[in-house]
Each structure stands twice: as structure tokens, then as C-alpha cells.
Amino acid sequence: MAADLNPAQREAVNTLSGPLLVLAGAGSGKTRVITYRIAELIRHRIRPERILAVTFTNKAAREMKERAMVLLGKRRRKATPEISTFHALCVRVLRRHAQRLGYPERFPIYDRGDQESVARSALREIRVSSEKLRPGDLLSQISAWKSHSVLPEAAGESATTDKQILSALAYAKYRTALRASGAMDFDDLLLLTEQLFTEHPAVRQQEAGRFDHLLIDEYQDTNGLQYRIVRALAEGHRNLCVVGDDDQSIYGWRGAEVEHILNFKNDWPEATVVRLEANYRSREAILNLANVLIAHNSARHDKVLRPYRKGGEPPRFVRFEDENAEATAVVREIHQRVNAPPPDRAGPQDFAILFRTNEQPRAFEMELRRANIPYVLVGGQSFYDRKEVRDIMAYLKVLAHPGDEVSLLRIINTPSRGIGSSTIQTLLGHAVDRGEPLWNVLDEAARHGDISAAARQRVEAFRQMIRRYRERLTHMPLVDLVSDLIQEIDYKGELERLASSPADVDVKFAAVEEVVNAIGSYAARTEEPTLFGFLEETALAGREDLKDDNEKKQPNAVTLMTLHSAKGLEFPHVYMVGMEEGLLPHSRSLIENRSIDEERRLCYVGVTRARDTLTLTFCKGRMKWGKLRPSIPSRFLMEMRGETDRAQRAAQAGHQAALAAAAAREKAAKKPKKAKKRRSGTTPRRR
DNA sequence: CCCTGCGCTTTTTTT
DNA sequence: AAGCGCAGGG
């Protein structure tokens, strides 16, 4: 079966027992190795359901599953290996044992938007203005603590800087709020799984005992929690295979620690180590660039990718006036190649435009639309981030989870139904007094004298409506129920009232209809569709199933995506745009004296996505907040060309520019502002 | 309680 | 350029 593998790959596939570390360079056939390995295990009579493979994204899981099935061919049976992400795995574990942790069996999973509203009110509760500590910063701090299993009390003790002390206080509020709603955020899924394993050894044994073989993909991107969960699951049988590339570690900001892959041998001394250094993807000319670039990083497993595909066009470095010129030229070139005569012809799907930040694709989208070239924008401002979509999803969450306070607060007066902020504050007060979820005090609202009669009536009407739909959940198709609900609350009317133009209403209502479609497609492919199931799936898969829908609708499309989303993919023709100081490396990584090595790895990931041609572009200047700001070419460009002294000059200039911008911002923040009125009534405090 | 309009801030990557 | 929060009038 494995005749077409090289010796290193074959060793990785055939070392079936004991710990195994596969250091797989970019384009070295890593995915193939993993899927062949799964197939090989099954060929050796390991029962498929005793194999667990963990991937980084749902998409990767789905693809791996498909490939493994193809490979197994006739052996394909009902039982399949379990292939999923860490988060999906943990959800399944937690669901089996939720009660032990004091959570309901089905719990809401809070996405980024929910987290932000909780973070915001947590900051309000401790009376910290979001100028002093932004919700986003608070959330990353909390996430960092969680990835080290640090709870609020411990966070408070270890906090040193002002920001950390405030963050620790807010963290406590944040945690209380989530618990009060019976909700978990993404980190909680991992954190509580770990907690479950430590507090209940029997549970750990039971869960670990479900599998005899464990495979972890993208191991360089595991954070502390994931690392400990892997250990807890594999310690018994020790059949642990991890695959990764330290040079492609690009999620340090999210708590990933490259040390896990670098120190694998310490934890698993008997481990076999296999290096995959032959690159089957990129032309020699492209790979040379990548090797030169990554050599600038220290603290890495030394390895040099060897090109299997020799020669190739040298990568191009192109400068433009501004981002519009950049987009026009790139799209014009794609257009030419798409319409070229056969030998040079390429399909739109052969092209990828890669960028660092999500504001960059705008100009490219415009040009692609103008040129009538189909494209897919991956990730970015997600469908599920849109206000109208979030509103509908909040209704669904309230139907499914009565305790979900964040969602309830979002919809209790959306569309506006006469339940104003003072009424809500009063209700919240009752909830706090009684130590119960907001939903539970709504029925009593009718009896309380401190709410106006009109408001009481409206609250009661709202409560009855939600109750009615909850009752219908069990004996009515989901799609019909949701359609009815959208009609009853007259969401379209709300959009008409708020939107700026009729076209805007159409666009927004189309998004609402997309939600209904998503429910429909979920219900169609699921044996026992439930609202819980749908919510869980969207929380975990998020934007991904929509991505796939896009890909099905537009199979021949240019791909636009961030460098982060590009990991693991390849394209014949790659454009890396906006190769400028401040973007790549990003200014924020320059200021927060975090190492720019990770930015360099990000650049490396981009370069190694290209099979045949690679074009790196940068601009003289770039519009930012309506002003044209000059740009400095990225130091990485010079590094790749071996122009070390020019690279250093660029680096210095880049640092200075970033620092100057930071200083200017600082100054602006300190400048005396118009006295802002403090809100008198803040959210009541929870105990 | 609802809506409008003004003024202020905004700098990354995402399971 | 755009989104958010807030003040003030209906």
C-alpha cells in the first residue's frame, strides 16, 4: 500500500506502536503520512473506533476522514476512526460528565461576540473604562491565564502590572457571569476537560480507555491545556503520534507553545523521531527563498527543505504606489492568466491572494468583482459576526438555554418592544437579589410594583412568546419554527426601520434567510436534529461550514485569505500582498516587544504555500483612516534576498515608525478630553 | 421609551 | 471610513 512513499514517510507510517514525533516540513506530505498511518493501523487489525486523530480545524478533520475512507476502500465498515478537533472532542467528553462539574447537560458555548459582551459588562462592574483596559485585551489575558489553568484567585495573586490587576478582577466577574449562565467559552471547553480529568481519575481512565492510538496534527500549535489533555489521554497506552513543524508555529498569541514539540523527547523518552525534509510542493526557486528566510530564526529544529521539484520561475518582488494600484495590478495579472491561451492558462482556483490583516482584502474584492473573476473570501468578517445573524442566533440560544443571560439581554428588546433599559436594570436587580437567572424572574415581573404596568405587560408578552416556541421545539420541524419566529417578531420590519436603504434591507434579510437555510441543511444531514445540536455545531464549526458552502457554489474561484488561514493549504500561484513593515511584521508585534520570529514564521508559511509561482508585493503608501501613510518595505523581503544590511535598516525604520505611532496614540490618550459623564446606575453586582 | 445625530476611537492573527 | 456611545428632543 505504501509503495509510493519515501523512506522517511514510510518509517512514519510503519512505526505503529509507542510514541512517535514526526517533524514534517512544509509540503513534505504530512497529511498523506497521517492518513496512510490511520489506514495502516486498521490494516493491522486495530479497530477503527479505537483510533483518535486530532486536527487543528474542522475542515482538516473532514478532509482527513474522507481521505482515510478512500484509502481503506473495501475495508470500509460502519465503524470509523474518530477524527475531530480538540474542542469538538472536549465537548463530547464534557457532555457525558457535565453534571459532575455542576453544568447542565447541554450548555451554551459562548463565541467571541458573547465573550466580548461579558467582558464589557465585567469591566463596567469593576468600574474600569474600556479606555484603560479594552475588552479584547482583557479576553486575551483571560485566555492566557486559562491556558495555564490559572483561575481568578491565582491570577490576582500573580498579577503585577496595573492592567493585570484589573484584568484579574474582571476575570472573576467574567467567570461568575459565565457560570451564572451555565455557559462555557472556547477555553473553558479545554479547561474543564482538564479539570474533570484531574478531579475524577475514574473519568479520565474511562475517557482515555476509549482509544488505543492517538494522533495529533499541527502539534506545534498546541497550548498548555491541549498538551495536558493529550498527556492524560495517551499516558496509558503511549501510542502517541504527533506531527508538526516548529517553523510553522504561528499561534503563540493564542497560547500555543512551540516548546511542546521541541521537548517531546523529554516527556516521551522512548519516542521515535522521524524528519520529513523532502518538499514535494514548491519549485526549487521558491523553496530557496523560504530556507533563507527561516534561517534567520534561532531556537528551532535545524532542518532544510529539499526541493523535489527543481527549477522554477524566480519569485517576483513588486512595488506599487498604494493598495489600489496593488489590487488593480494583481487582479489584472490574474485576469490575463485566466484568459491566456492553453499552455499558460490557469483557472481562478489556481490563485491565492494572501494577506496579514482582514482589512486588506477590500481593495482586491472590489477589483475582482469589477473584473468579473469569481473569488472566495475565507474567514474575515464572518457571517456569524453580522448583527442580524447574531440576533437570530441569540433567539435560538434563548430558546435552547433558559439560563443564557447574554443572549436573553441581547434580544429582550430587539426588535424594540418597549422594554427599556430601566426596566431591564430593575429586572436584573431582582435576579441578583434572588440569585437566579434573569429568565426565572421574568414571570414575577408582572407582580412587582417597581415596574410600570405597561412594561410589565410587555415583559409578560415576551415571556409567553418564548415559552410558546420552546414548547413547540419538540414537535415541529426546526426550520418552520424559526421561520415563524422571525415572522412573529417582525424582524424584517425592524430591518426596514433601521437600514439606510432598501438594498441594505435586502442584503440583511438575505443573511437572516441564510440562517434558516443553515438550519435546514443541518436538519437534512442529521438523523435526530435538535436545536442544541445546531447551536453546538455552529459554535464549533462556526464559519467553516459556510466556507464550504461557498466553495461548492464557487468551485472555480480565486482564494483570498489571511496567512493564518492559509496554513496547510497550497496553490499553484500565490500573491503575498502588503509586504510592509507594520503589516508583516505587524506593528503590534513590534511594539509589544514580542519576538518577531513568529511574524517571520508567518511569512514562511505564506511562501511555502506556493507551488509554481510566488509574487510578493508592497506599497509606497497605504490609506489608513482616510489618510495616506507612507510604508516601509518589509524587512523579510530583504532577508529573503540575502540583503542583510538593508534588512537591518528596514527593521530599524520599521521599529521607529511603530514606536512613533504608539507614542502619538499615547499622547492622544493623555490629552485632556471633554469631561465624560459617568453613568450613574451601573449594572448590579453579582455575588 | 425611541430615535437621531454628533463626536470620538480605531493597529492582528482565530478554535 | 466606519462603528459605537451618548446626549437630547420627541
Side-chain angles (χ1 to χ4, degrees), chain A residues 54-61 84-91 109 111-112 115 120 124 129-131 134-137 139-140 143 147 185-190 218 221-223 225-226 250-256 354-360 362 378-382 384-385 387 413 415-424 452 454-455 458 497-498 500 539-544 561-567 578 582-592 594 598-599 601-602 605-606 622-627 629 657-658 661-662 664-665 668-669 671 673-674 676-679:
Chain A
V54 180
T55 58
F56 193 71
T57 64
N58 287 291
K59 190 178 173 194
S84 71
T85 61
F86 273 108
H87 291 87
L89 173 73
C90 289
V91 166
I109 300 171
D111 61 21
R112 176 73 196 194
Q115 288 179 52
R120 218 166 249 126
R124 216 175 297 141
S129 73
S130 55
E131 287 146 45
R134 274 174 304 188
D137 292 340
L139 287 176
S140 10
S143 181
S147 76
D185 64 15
F186 283 114
D187 296 314
D188 286 339
L189 297 176
L190 306 172
E218 308 283 13
D221 285 321
T222 47
N223 69 18
L225 282 166
Q226 294 164 330
I250 54 176
Y251 283 94
W253 53 273
R254 208 169 76 182
L354 307 182
F355 39 83
R356 175 69 224 270
T357 69
N358 280 313
E359 46 151 26
Q360 285 171 265
R362 274 173 211 268
V378 176
Q381 222 253 335
S382 145
Y384 286 102
D385 291 340
K387 213 178 309 165
N413 199 34
S416 39
R417 50 174 67 89
I419 305 175
S421 58
S422 61
T423 305
I424 293 172
S452 74
R458 295 177 194 130
R497 240 173 303 147
L498 295 179
S500 49
L540 290 175
R543 37 199 86 179
E544 293 204 27
M561 62 182 160
T562 63
L563 290 162
H564 281 88
S565 333
K567 189 176 71 165
L583 277 176
L584 187 68
H586 195 273
S587 52
R588 200 135 167 181
S589 72
L590 298 174
I591 296 162
E592 295 173 4
R594 222 182 302 139
E598 183 157 311
E599 298 287 305
R601 291 194 287 267
L602 197 50
V605 166
R622 196 169 277 274
M623 281 296 245
K624 191 109 200 190
W625 304 327
K627 249 195 336 201
R629 274 197 38 196
R665 217 176 315 138
K671 219 167 39 182
K673 279 185 220 162
K674 274 189 195 161
K676 273 189 188 164
K677 265 195 203 160
R678 260 235 171 260
R679 295 157 60 95

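Only heavy atoms go into these numbers, but all of them, side chains included; no hydrogens, no water, no symmetry mates. First the proteins, then the strands, lettered A, B, ... as listed; each starts at 1. All values reported here derive from a predicted model rather than from experimental measurement.
The side chain of A:T562 contributes an N or O atom lying less than 4.0 Å from OP1 or OP2 of B:dT14. Close to B:dC1, at under 4.0 Å from its OP1 or OP2, lies a side-chain N or O of A:S422. The phosphate of B:dT13 has neither OP1 nor OP2 within less than 4.0 Å of any side-chain N or O from A:S565.
Side chains of A:R588 and A:W253 form no contact here, defined as non-hydrogen atoms less than 4.5 Å apart. Residues A:F355 and A:L583 form no side-chain contact, since every pair of their non-hydrogen atoms from C-beta on lies 4.5 Å or further apart. Proximity of A:L540 to A:L189: side-chain heavy atoms (C-beta onward) are separated by under 4.5 Å at one or more points.
Remark: C1' of B:dT14 and CE of A:M561 are 14 Å apart, rounded to the nearest angstrom. Across the protein-nucleic acid pair, A:R254 atom CZ and B:dT13 atom P stand 13 Å apart, rounded to whole Å. We find that CH2 of A:W253 is positioned 8 Å from P of B:dT15, with the value rounded to whole Å. Separating the CG atom of A:L190 from the C1' atom of B:dT14 is a distance of 13 Å, rounded to the nearest angstrom. A:R417 places its CZ atom 13 Å from the P atom of B:dC3, with the value rounded to the nearest Å. In this structure, A:I419 atom CD1 and B:dC2 atom C1' are separated by 14 Å, rounded to whole Å. Taking atom CZ on A:R622 and atom C1' on B:dT10, their separation rounds to 17 Å, with Å as the unit.
Each of B:dC1, B:dT10, B:dT13 was ranked by its minimum atom distance to the side chain of A:N358; first place goes to B:dT13. Ranking B:dC3, B:dT13, C:dC4 by closeness to the A:R497 side chain, first place goes to B:dC3.
Backbone-only contact: A:N413 has heavy atoms under 4.0 Å from sugar-phosphate atoms and none from a base.
Between A:I424 and A:R112, the one whose closest nucleotide on DNA chain B sits nearer the 5' end is A:I424. For A:D187 and A:D137, each mapped to the nucleotide of DNA chain B holding its nearest heavy atom, the one lying further toward the 5' end belongs to A:D137.
The neighbour count for A:R629 CZ, taken as heavy atoms of other residues, nucleotides or ligands under 6.0 Å away, does not exceed 12.
Here A:Y251 does not count as stacked on B:dT14, because the ring centres are not under 5.5 angstrom apart with planes under 30°.
Salt-bridge check for A:D221 with A:R601: failed, with every basic side-chain N at 4.0 Å or more from each acidic carboxylate O.
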